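The structure displayed is predicted, hence computed values, not measured ones.
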Amino acid sequence: MSSNNLAELLQETAREFPESRLIIYDPGVSVPAEISYNSLYIQAQHNAEILQSLQSFKAGSPIILRLNNHQDFLLWFWGVVFAGGIPVPLPPLSNVDEQRKKHIQHLSELFNGPICITSDDMQSYFMHDNHNVKVYTVGSLREQPTPGSLSHTSVDPETNDLALLMMTSGSTGNPKAVCLSYTQIISAVAGKASVRRLPAKKPFLNWIGLDHVASLVEIHIQALYLGVDQIHIQANDIIASPLRFLDLLCFHQVCRSFAPNSFLASLVSTFEAEKGQSKPKTWDLSHLAVLASGGEANDVRTCVAASEMFASHGAPRNVITPGFGMTETCAGAIFNLDCPAYDVKTGNPFASVGRCMKGIEMRVQSSSTSPGEVGHLEVRGDAVFSGYYRNQKATEETFTADGWFRTGDLATLDSAGNLHVIGRLTDVMNINGVKYNCEDLEASHLQNLHSRLHRLIGFSFRPAGLHTEHVAIAYVPKEPVLQDQDFIYIHDTIVQTTILSTGVRPQIVALEKEALSATSIGKVSRSRMRKLLESGAFTEQIASYEQRLKALRKQNIIQANNSFEALLLEDVTSCLGIEPDDIGLNTPFFDLGMTSMDLIRLKKRISERLDIDIPIITFMKSPTVGELAAALRESDPSERSIYNPVVTLRSSGTNQPLWLVHPGVGEILVFLGLSKEINDRPVYALRARGFEAGEPHFANIPEIVAAYFDAIKKVQPQGPYAIAGYSYGTMLAFEVSKRLESTGDEIWFLGSFNLPPHIKSRMRQLTWNSCLLHLMNFLDLITESVVDEMEETIPQISRDKAIPKLLEIADSGRMTELGLDERSLSNWVDLAYGLQSMATTYEPSGSVSSIDVFHCIPLKMAAKSREDWLKTHLSKWADFSRTVPKFHSVGGSHYTMIGADHVVEFAKTLRSALRERGI
């Protein structure tokens, strides 16, 4: 192509390959959206007009993109390009508040108060005062008026070749912005395309976030450059169902994709389990030519097993292509084209990453010129970047005097000239291909534990037999002898903090001060700690630690009395991935952090093993193995069907209980994640009547209020009370609170999760079909975009046609996981529609002592904007509270505010609000 910049590249591709497409699967959706390259070009120009109309827009300036949705990302990425801005794809922000704020402040300073485009549900991540980032959500940008024409901006000739800025991992401090020029990108994609001959007109497949250089350059831009289709799907949908990766490769006849070592291991394991089925699946993978693999070391045993699996379905035996690359090299630039045969022949435990593609060369600088000597890896060439954005010092330190880029890796070259990467010079954790800053992880731990610890060190290691690196936390307590309660507190805090930061459970090593390998100035060598752990030097300490932990966990645990109970315990431990010694007959499931998906998996496992259908309510009414065993043995089914609205989500805690009232769907599974984060008090939820066979639905609101009042008083006879309702549940919580106050009880906390006092007009809008639509969204069977698209049309068709129409596009796998079919889904809608029909004449009256309102992005049918929602609707709670209401801004939208992405921050806000109310 003759293009000179990214805008011209898309323009030429749209002209030469107008029918080639982006094929994008939304989360949990089996039918993808399709956007032709010509349509992408047109929509990008429209978005560029919107950006140029912003007062804060300045041509040639960086614009941050923090978008998880592939379609939104690509449309706004190209909108920035055509507007004359410099796109800056931003990786996910930290779950740790202080780290996230520090990161955003750094971006604000580095890019001089840039524009940031993000999704509506991530806007809250930027809601603090310590930055000058100008945040626009996708929703707000769509409402911006546009001038109707695109201005062709003039950019500084010295930066004209700058195409985009990619952020490093920040593994050695603040992340740096890598300047990727158009010349470099084109050199890189040309080199990648020449690595191995690809079948003509066959698509690429990406399932990694587009904030990663490999997915953006190696898949998206390279596919554009070649004029072929490209498929994009969310990572969670692939990781949760690895065989779907093979389904997509086969269905779309994909020729190039990506799979790191850890995913290959998961894929092989799932595939082997599938082979044991009576009718194993088959796939045609004959079009697959390159399955790039990088980001972490490739275990040769995994490569052998995966290669055999791919070959058995038509792919070349060397289709797995381990490689080496960095953001600074536009991802993969050195590739092993003979894996696993070469590495099996040479006896390597980890695969070589091979030789350079066109556009790059490498050298290993060491004190010896002999093959196999370890040295510093350096690269140069057209595919290598030339510097970091506004960071001359880092640029100068990174390049040698003769122009080679120091990668920061230790490596060797074997006698055949193939590269073997040994490790990083800096202290970086590489967990499942994602890099984490050791110092940031340590700081997170010490923020909570500094008063109890003398020293803490975090580092990565590779356990024998595992397919990826793991996290280790070693610590020295301040007290020579830890009391049992301090020991457990430190352990639980380290586990929770590590999972929050990295997503994995750590290996914990408790040491005496003398056991830490420190330098003369007191610095602990992480690389030395890794070697000691991997060599078995800490085996005795780890064994002692685990023995003490198990002993403490066993205290007060009631063991199984028979094989029936023992098998139930095994079911629970298997579903939760916990040690058998961590649970007894009297351990509440929800105290172990059980999520709704865990509960569904447990129900499925036990139901299949016992060959009976166990209702979810059985687990909720019997939340320990002992109680569950008794319930399953109960011969009188009528005993199991007695309605009790109370579900115990958390049984322990020193503070007053928190009561949570169900949303309009009647079910309380939505509260499981939230209850896991509330660790200082019991948590109870109230569930609607009518889910079990023969159970009548409530007839009216007074009947519900009376039932919930009686249930609360039975469990907690005296106040003060803390009650909150989610959406529709707020109305019930308000009425129950008034009833409690009328009997002399005190309500110290009443929470509204995004519901105003006046709801009848909204309730009147909801038909049976509308309830079906929103219930399916609530259950993650369809996406919010489907709701937006069908909100007005679905009520216009008959009920008999609505269910089949929506089931056609629903996530069938999710239906199976929830144990739903058309009949049970229809019954659930009957219940939800009945609840909401009761409120079509509801008028709030009276008052309560106080109310806390937690507000997020409203439903589009409820308000035109978040500001309108707060000012026009939620503010009306002032008319029904005897004190001024407190308003709390939280992340997410109406359906996601306490979902997995936002529950941690929501719980933090909720805990603070409870403390402020003195309860």
(Q) So Phe405 and Thr398, do their side chains get closer than 4.5 Å, heavy atoms only? (A) yes
Q | Asp161 backbone acceptor or donor facing Ser181 side chain under 3.5 Å | A | no
Q. What do the steps show when you test Tyr41 against Trp78 for side chain to side chain contact (heavy atoms under 4.5 Å, CB included), and what is the final call?
A. CA-CA 8 Å; Tyr41 171 61; Trp78 287 104; over 6 Å; no
(Q) Could you report the tightest heavy-atom contact between Thr13 and Gly227, atom names first, then the distance? (A) CG2-CA, 4.5 Å
**Q.** Ile857 side, atom CD1; His894 side, atom NE2 - distance, nearest 0.5 Å
**A.** 12.5 Å
Q) Can any side-chain N or O of Arg21 pair as donor or acceptor with the backbone N or O of Ile35 at less than 3.5 Å? A) no
Q) Between the side chain of His131 and the main-chain N/O of Phe126, is any donor-acceptor distance below 3.5 Å? A) yes
Q) Under 4.5 Å between any side-chain heavy atoms of His103 and Leu90, yes or no? A) yes
**Q.** Heavy-atom pair with the smallest gap, counting every atom of Arg866 and Pro858
**A.** CA-CD, 3.9 Å
Q | Flag, side chain of His232 to backbone of Leu22, donor-acceptor distance under 3.5 Å | A | no
Q) Does a donor on one side chain and an acceptor on the other come within less than 3.5 Å for Tyr388 and Thr168? A) no
Q | Test item: Arg363 side-chain N/O and Arg380 main-chain N/O as donor-acceptor pair under 3.5 Å | A | no
Q: Any salt bridge (charged side-chain N to carboxylate O under 4.0 Å, His left out) involving residues 105-120? Give me the pairs, sequence neighbours left out, ordered by first then second residue.
A: none
Q | Worked check of side chain to side chain contact (heavy atoms under 4.5 Å, CB included) between Val138 and Leu75 | A | CA-CA 10 Å; Val138 170; Leu75 291 176; over 6 Å; no
Q) Can a donor-acceptor pair be found between the side chains of Glu12 and Tyr37 at a distance below 3.5 Å? A) no
Q: Might you work through the side chain to side chain contact (heavy atoms under 4.5 Å, CB included) test for Cys179 and Leu165, ending with a clear yes or no?
A: CA-CA 5 Å; Cys179 297; Leu165 297 167; 3.7 Å; yes
Q: Using a 4.5 Å cut-off on heavy atoms from C-beta on, say whether the side chain of Asp211 contacts that of Pro92.
A: yes
Q. Are any side-chain N or O atoms of Thr329 and backbone N or O atoms of Met326, one a donor and one an acceptor, separated by less than 3.5 Å?
A. yes
Q: Taking the side chain as every heavy atom from C-beta outward, state whether Lys134 and Cys116 have any atom pair closer than 4.5 Å.
A: no
Q: Grab the two heavy atoms, one from Phe385 and one from Gln184, that are nearest each other, plus how far apart they are.
A: N-NE2, 3.1 Å
Q. Among Thr118, Ile63, Ile117, which one satisfies side chain to side chain contact (heavy atoms under 4.5 Å, CB included) with Trp76?
A. Ile117
Q) How about Val213 and Leu180: do any of their side-chain heavy atoms sit closer than 4.5 Å? A) yes
For residues 67-74, which side-chain N or O atoms pair as donor and acceptor with protein atoms under 3.5 Å away, sequence neighbours left out?
| unit_1 | atom_1 | unit_2 | atom_2 | d |
| --- | --- | --- | --- | --- |
| Asn68 | OD1 | Arg66 | NH1 | 3.1 |
| Asn68 | OD1 | Arg66 | NH2 | 3.2 |
| Asn69 | OD1 | Gln71 | N | 2.9 |
| Asn69 | OD1 | Asp72 | N | 2.8 |
| His70 | NE2 | Ile233 | O | 3.1 |
| Asp72 | OD1 | Arg142 | NH2 | 3.2 |

Q: Can you measure from CD1 (Ile239) to CH2 (Trp207) and round to the nearest 0.5 angstrom?
A: 5.0 Å
**Q.** Met167 side chain reached by Pro89 side chain, heavy atoms, under 4.5 Å
**A.** no
Q. From Leu40 CG over to Gln43 CD, what is the distance, rounded to the nearest 0.5 angstrom?
A. 7.0 Å
Q: Quick one: closest heavy-atom pair of Trp869 and Cys856, and the distance?
A: CD1-O, 3.8 Å
Q | Polar side-chain atom of Gln222 near backbone of Ala193 as donor-acceptor pair, under 3.5 Å | A | yes
**Q.** Ser108: partners by side-chain hydrogen bond (donor to acceptor under 3.5 Å, both in side chains), with sequence neighbours left out
**A.** none
Q) Is there a side chain to side chain contact (heavy atoms under 4.5 Å, CB included) between Val384 and Trp404 once you walk through the steps? A) CA-CA 9 Å; Val384 180; Trp404 289 78; over 6 Å; no
Q. For the residue pair Ser257 and Ile219, what are the closest heavy atoms and their distance?
A. CA-CD1, 4.4 Å
Q) Is the closest side-chain heavy-atom distance between Gln230 and Leu224 below 4.5 Å? A) yes
Q. How about Tyr389 and Ile86: do any of their side-chain heavy atoms sit closer than 4.5 Å?
A. no
**Q.** Gap between atom CD of Gln52 and atom CG of Asn47 - 0.5 Å precision
**A.** 11.5 Å
**Q.** Contacts of type salt bridge (Lys or Arg N to Asp or Glu O under 4.0 Å), residue Glu328, not counting sequence neighbours
**A.** none
Q) Who pairs with Val903 by side-chain contact (heavy atoms from CB on, under 4.5 Å), at least two apart in sequence or on another chain? A) Leu674, Glu677
Q: Give me the ring orientation class for His902 and Tyr125: parallel if the planes are under 30° apart, tilted from 30 to 60°, perpendicular past 60°.
A: tilted
Q: Only counting residues at least two apart or in another chain, list the ones meeting side-chain contact (heavy atoms from CB on, under 4.5 Å) with Ile42.
A: Asn38
Q | Side-chain (Ser187) to main-chain (Thr183) donor-acceptor, under 3.5 angstrom | A | no
Q: Kindly assign one of parallel, tilted or perpendicular to the pair His220 and Phe77, based on the angle between their ring planes and the thresholds 30° and 60°.
A: perpendicular
Q: Compare every heavy atom of Lys192 with every heavy atom of Cys330, then report the nearest pair and how far apart it is.
A: O-NZ, 2.6 Å
**Q.** Interatomic spacing from OG in Ser61 to CG in Asn112 - rounded to 0.5 Å
**A.** 8.0 Å
Q) Any chance NZ of Lys860 has more than 12 other-residue heavy atoms, nucleotides or ligands included, within less than 6.0 Å? A) no
(Q) Surrounding NZ of Lys58 (heavy atoms of other residues, nucleotides or ligands, distance under 6.0 Å), is the total greater than 12? (A) no
Q. Rounded to the nearest 0.5 Å, how far apart are CG of Leu205 and CZ of Arg256?
A. 12.5 Å
